Amino acid sequence: MFKRMKEDIEVVFEQDPAARSYLEVILTYSGLHAIWAHRIAHALFKRKLFFLARAISQISRFFTGIEIHPGAKIGRRFFIDHGMGVVIGETCEIGDNVTVFQGVTLGGTGKEKGKRHPTIKDNALIATGAKVLGSITIGENSKVGAGSVVLHEVPPNSTVVGIPGRVKVQDGVKISKDLNHCDLPDPIADRFKEMENELASLKSEIESLRKERSQVNDHSYL
């Protein structure tokens, strides 16, 4: 138990350059508090003490802003950076050395039963605001870009970005044009662009009709 807690503290120092002392990490890191609370809640959940497990989970959520269902299986050296708004579903399985940033959802699609949440393999990284939904697997050493929405399997050693998420790099090789965070698809902006194009097309047609009408009028005077 204490060995696992020490590992949880050590990974904070490895991942967060802002961490200055053990006392600071133990007292002020909400991600660490959420992980420790989950380990207790999960132990109770496995013993079928469901209400008590869920109560601890909800108390942790109130104080940390991080919601982890007590049924979720989480490996060693899990690191939640900042953490506010993180949601991890009941049947989610997370491997070792996984890093998750604030606003991440590891949830379901609402259409599945049984295993309905993602499996995150060892050494994966899920960046800020990413949504990984459904009973899918994020492979070992893979990264999910900020703001991405992932609905399909991700192979090992891959980088996924976009809405919906697409693999851009696999095994160190670019398989399509990379997207920077500023280039991620924006459906609202795309819709406005379509409307602008439609308006331009309508203006062109109106101008063409005006010219035709003008020519007809000129001929009528003749």
Side-chain angles (χ1 to χ4, degrees), residues 15 31 65-67 80-89 92 94 98-113 115-121 123-222:
Q15 298 284 351
I66 299 168
E67 182 173 348
I80 302 175
D81 197 0
H82 297 292
M84 180 62 69
V86 168
V87 177
I88 300 175
C92 189
I94 298 175
V98 171
T99 298
V100 166
F101 287 81
Q102 69 269 22
V104 165
T105 298
L106 305 179
T109 62
K111 300 178 181 179
E112 299 164 306
K113 296 182 179 179
K115 179 71 167 74
R116 58 192 185 279
H117 300 108
T119 296
I120 313 297
K121 294 292 190 178
N123 307 308
L125 183 148
I126 317 295
T128 304
K131 314 300 177 188
V132 183
L133 306 176
S135 182
I136 61 175
T137 299
I138 306 297
E140 294 181 359
N141 308 306
S142 289
K143 299 177 181 179
V144 177
S148 300
V149 177
V150 184
L151 303 172
H152 301 288
E153 302 282 329
V154 175
N157 309 304
S158 300
T159 298
V160 177
V161 297
I163 304 172
R166 293 185 176 87
V167 176
K168 300 298 176 182
V169 178
Q170 187 173 359
D171 295 319
V173 178
K174 295 180 181 179
I175 61 175
S176 62
K177 183 180 178 181
D178 260 350
L179 290 175
N180 295 321
H181 292 328
C182 60
D183 297 325
L184 291 175
D186 185 340
I188 297 175
D190 290 345
R191 183 55 182 158
F192 276 122
K193 187 66 176 177
E194 289 177 11
M195 292 174 66
E196 287 177 1
N197 291 337
E198 289 175 4
L199 285 172
S201 178
L202 287 171
K203 286 180 180 179
S204 177
E205 289 181 17
I206 290 170
E207 188 63 29
S208 177
L209 289 170
R210 282 177 178 172
K211 288 181 179 179
E212 290 179 8
R213 183 178 179 181
S214 178
Q215 290 174 357
V216 169
N217 289 337
D218 289 343
H219 285 301
S220 66
Y221 285 123
L222 294 174

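This one's a predicted model, so the numbers in the text were calculated from it and none came from an experiment.
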message: Does V132 form a side-chain contact (heavy atoms from CB on, under 4.5 Å) with I126? I'd like the steps, not just the answer.
response: CA-CA 9 Å; V132 183; I126 317 295; 4.2 Å; yes
message: Before you tell me yes or no, could you show the steps for I66 and I80 under side-chain contact (heavy atoms from CB on, under 4.5 Å), namely the whole-Å CA-CA distance, both residues' side-chain angles and the distance that decides it to 0.1 Å?
response: CA-CA 9 Å; I66 299 168; I80 302 175; 4.0 Å; yes
query: Stepwise, does the side-chain contact (heavy atoms from CB on, under 4.5 Å) test hold for S135 with R116?
result: CA-CA 5 Å; S135 182; R116 58 192 185 279; 5.5 Å; no
query: Could you walk me through whether I94 and C92 pass the side-chain contact (heavy atoms from CB on, under 4.5 Å) check?
result: CA-CA 7 Å; I94 298 175; C92 189; 3.9 Å; yes
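Residues G145 and A130 come closest through the heavy atom pair O-CB, 3.7 Å. A127 approaches A146 most closely through the heavy-atom pair CB-N, 3.5 Å. Contact detail for M84 and Q102: the closest heavy-atom pair is O-CB, 3.5 Å. Closest of all the heavy-atom pairs between F101 and V86 is O-CG2, 3.4 Å.
Proximity of a side-chain donor or acceptor of T109 to a complementary backbone N or O of G134 within less than 3.5 Å is not detected.
Atoms OG1 and CD, from T105 and E67 in turn, are 9.5 Å apart once rounded to the nearest 0.5 Å. Interatomic distance, I120 CD1 to L106 CG, rounded to the nearest 0.5 Å: 5.0 Å.
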Give every donor-acceptor pair under 3.5 Å between a side-chain atom in residues 136-144 and any protein atom, sequence neighbours left out.
{"residue": "N141", "atom": "OD1", "partner": "N123", "partner atom": "ND2", "Å": "3.3"}
{"residue": "N141", "atom": "ND2", "partner": "N157", "partner atom": "OD1", "Å": "3.1"}
{"residue": "S142", "atom": "OG", "partner": "G139", "partner atom": "O", "Å": "3.3"}
{"residue": "S142", "atom": "OG", "partner": "P155", "partner atom": "O", "Å": "2.7"}
{"residue": "S142", "atom": "OG", "partner": "N157", "partner atom": "N", "Å": "3.2"}
{"residue": "S142", "atom": "OG", "partner": "S158", "partner atom": "N", "Å": "3.0"}

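For K131, the NZ atom counts as densely surrounded, since its 6.0 Å shell holds more than 12 non-hydrogen atoms of other residues, nucleotides or ligands.
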